[in-house]
Amino acid sequence: MTLCDYPHNDAGCDGDDSPIVEEVLGKLEDVKPGTKKMFEIRGRKILVINDAGKLFAINGLCTHYNFSLENGTYAKGRIRCPLHGACFNVRTGDIEDYPGFDSLHSYDVTTKDGEIIIKTTEKKLGSDRKIRHLPKMKECNDRPVVIIGGGIATATFIEHSRLNGLITPILVISEESLPPYDRVLLSKNPSATGENIRLRKDDAFYEERNVKFLLNTSVTSVDTYKRTVQLSNGEPVVYSKLIVATGGNVRKLQVPGADLKNICYVRKVEEANHIANLHPGKNVVCVGASFIGMEMASSLAEKAASVTVISNTPEPLPVFGADIGKGIRLKFEEKGVKFELAANVVALRGNDQGEVTKVILQDGKELDVDLLVCGIGVTPATEFLNGSGIKMDKRGFIEVDEKFRTNISYIFAIGDAVTAPLPLWDIESINIQHFQTAQTHGQYLGYTIVGKPQPGPIVPYFWTLFFFAFGLKFSGCSQGFTKEYTNGDPETGVFIRYFLKKDRVIAVAAGGPSSVASQFAEIFKKGIEVTLKDLKNSKDHTWGHLLIQ
């Protein structure tokens, strides 16, 4: 199953009167104190954790992409997925950190005669995840909370605001053709349809929570005095509270020929599907060697006649360092992908049908192209706020405080379009454009909008994956780092790179099977300090021991 692809007979439903199940999972001697082990019962994977003699049992697959939690990072009642860092409470099964949406079932376990016995119901045992259900919504005729933008931050806000008791109607105004979906997959699996990657596939999910969507609709202006937004169809909508979650607009090439056909950008599912349909047997050129450009190149390489990546830096993925970029590039080249490094596009040429056929580089080199895919960054989608009085920085990002409040009463902003404090790193304001961070913004606003304290500090975590075979994971924030320390060989793709400030680790990047990035997500969360001395003294560069002290 994909993200949040849940069965309609989900076992988290209210009123579970299904038959009791009581069966032996396995031997207690196989799960010694301080260890965990995966068992299977009736085809269902169950993870048992022994915390100093206290046993916990939960579903064994992360609800994000169904990755095994057996090698996850366990720390005092929480287990974090080694793949993308989602974190679950082992007592309740509730998801507490993202990505993902759904929680896990937790199970009663006892021991008898050296055996571990699980006690549950057939309904709970019938699924790998649970949806946290709400009591029936109370009738409320207040003016709605209006959300502009229908991405991951919006989806998460909806769920957490309702869980935290918000009963005000919610209206989402979105330029998309669908309710929120997993945008991460657009560059990793561009052929995935919108219906397949919707975060909640059942429309009743939102209807039951008094959430309505205005799709294929944009907002042209905001009147903060009348508390109205003006729609693209000319109609005004009145709000009680307004949330801006518009994300970004793709940067467009600004060179001669940029208006030719078969020049594509990746922002919406329809655009990704269009690329997927066009690329087989074609000469594909990807402009941009950061996350989107590289992920698209890896996705298209198998069926395209050729794929070439144009990087304006000496190596791709420059944010990680040239040596890591080189290691990734070598792996791409093994797959047949070609690179033009330290290169810039200066012009495009087309045929009589107006289709792009040539890419002209700054050094005069010409590349044959049938399909040009551009991933050259985004700008904040906030132009419609000009003149509204909502404070933005010179780049167009909305300035918010730690509670995601703007300078205007009753107006909030979350996701990629904001610049917000990051207290754990003593950063007054920073824009972070990653799925997990946007999702956490939505979660935390779901607390603060009803006056509840936020559940701990935000720890950024992101990942990228190529050819569904190798990639990078990153935890923390490297802004202002003064030193690097590397374990392993970046050119092989198996390494850990630590970013330090004042000889203290502030961020970690890892390639290969290491779970260090997810370990540090928990280390940062708990405020544990790891120093350069600790790195030099470490023999195996695993840090789980810090989390059980």
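One is the number of the first residue; the rest follow in order along the sequence.
No side-chain donor-acceptor contact under 3.5 Å links E399 to the backbone of A420. Of the possible donor and acceptor atoms, one in the side chain of K201 sits under 3.5 Å from a partner among the backbone N and O of N196. A donor-acceptor pair under 3.5 Å is formed between the side chain of E271 and the backbone N or O of K268. Of the possible donor and acceptor atoms, none in the side chain of H64 sits under 3.5 Å from a partner among the backbone N and O of P99. Counting only distance, with no hydrogens or angles, the side chain of W543 and the backbone of I523 share no donor-acceptor pair below 3.5 Å. When atom types are taken as modelled, the side chain of K326 and the backbone of P316 share no donor-acceptor pair closer than 3.5 angstrom. Formation of a donor-acceptor pair under 3.5 Å by the T63 side chain with backbone atoms of D102 is found in this model. Judged by distance alone, the side chain of R267 and the main-chain N or O of G248 form a donor-acceptor pair under 3.5 Å. Using modelled atom types, no side-chain atom of S538 and backbone atom of D534 make a donor-acceptor pair closer than 3.5 Å. Using modelled atom types, no side-chain atom of D503 and backbone atom of T531 make a donor-acceptor pair closer than 3.5 Å.
Looking at R78 and F88, their side chains never come closer than 4.5 Å, going by heavy atoms from C-beta outward. Using a 4.5 Å heavy-atom threshold, the side chains of Y485 and K536 count as touching. For the pair I263 and L260, the minimum side-chain heavy-atom distance is below 4.5 Å. Within the 4.5 Å cutoff, the side chain of E270 has heavy atoms near those of the S177 side chain. Side-chain contact between V307 and K338 is absent, with no heavy atoms from C-beta onward closer than 4.5 Å. At least one side-chain heavy atom of S299 sits under 4.5 Å from a side-chain heavy atom of P190. Proximity of T486 to I496: side-chain heavy atoms (C-beta onward) are nowhere separated by under 4.5 Å. In this structure the side chain of K76 never reaches within 4.5 angstrom of the side chain of L547, judged on heavy atoms.
The ring of F101 has its center no closer than 6.0 angstrom to the ring center of H160. Note: F332 and F466 meet the aromatic proximity criterion, with ring centroids under 6.0 Å apart. In this structure, the ring of Y461 has its center no less than 6.0 angstrom from the ring center of H84. Ring centroid separation for the pair F412 and F404 does not come in under the 6.0 Å cut-off.
Donor-acceptor pairing under 3.5 Å is recorded for the side chains of N283 and S306. There is no side-chain donor-acceptor pair under 3.5 Å between Y265 and N249. Counted by atom type alone, E176 and Y181 present one or more donor-acceptor pairs between their side chains at under 3.5 Å. In summary, the side chains of T542 and Q519 do not present any donor paired with an acceptor at a separation below 3.5 Å, with no hydrogens or angles considered.
Between K365 and D363, no side-chain nitrogen of the basic residue sits less than 4.0 Å from a carboxylate oxygen of the acidic one, so the salt-bridge criterion is not met. For R329 and E315, the salt-bridge test passes: some basic side-chain N is under 4.0 Å from an acidic carboxylate O. Electrostatic pairing of E302 and K335 does not count as a salt bridge here, judged by no charged N lying under 4.0 Å from a carboxylate O.
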Please assess F291 against H434 for the test ring pair (Phe, Tyr, Trp, His ring centres under 6.0 Å), listing each intermediate value before the final yes or no. CA-CA 11 Å; F291 301 110; H434 293 294; 5.8 Å; yes
Evaluate the side chain to side chain contact (heavy atoms under 4.5 Å, CB included) criterion for residues K358 and D368: first the C-alpha distance (whole Å), next the side-chain angles of each, then the deciding distance (0.1 Å), finally the verdict. CA-CA 5 Å; K358 294 285 185 182; D368 291 331; 2.4 Å; yes
Kindly indicate, with the supporting measurements, whether the criterion side chain to side chain contact (heavy atoms under 4.5 Å, CB included) is fulfilled by V285 and I310. CA-CA 7 Å; V285 174; I310 298 174; 3.6 Å; yes
Evaluate the criterion side chain to side chain contact (heavy atoms under 4.5 Å, CB included) for residue pair I152 and Y98; output intermediate values, then yes/no. CA-CA 11 Å; I152 187 67; Y98 294 105; over 6 Å; no
Determine, step by step, whether K37 and E70 satisfy the salt bridge (charged side-chain N to carboxylate O under 4.0 Å, His left out) criterion, reporting the C-alpha distance in whole Å, the side-chain angles of both residues, the deciding distance to 0.1 Å, and the verdict. CA-CA 6 Å; K37 182 176 175 60; E70 188 167 20; 5.2 Å; no
Tell me, with the steps shown, if N59 and K45 meet side chain to side chain contact (heavy atoms under 4.5 Å, CB included). CA-CA 6 Å; N59 289 114; K45 293 186 181 300; over 6 Å; no
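Of the options L361, N312, V345, a side-chain contact (heavy atoms from CB on, under 4.5 Å) to E340 is made by L361 and by none of the others.
In this structure, L341 CG and T313 OG1 are separated by 7.5 Å, a value rounded to the nearest 0.5 Å. To the nearest 0.5 Å, atoms CG (L47) and OH (Y74) are separated by 10.5 Å.
Relative to the six-membered ring of F470, K331 meets both conditions, a distance below 6.0 Å and an angle of at most 45° to the axis.
Every residue meeting the side-chain contact (heavy atoms from CB on, under 4.5 Å) condition with D97, not counting sequence neighbours, appears here in chain and number order: R80, C87, Q436, T440, K525.
Dense packing is recorded around NZ of K526, with more than 12 heavy atoms of other residues, nucleotides or ligands lying under 6.0 Å away.
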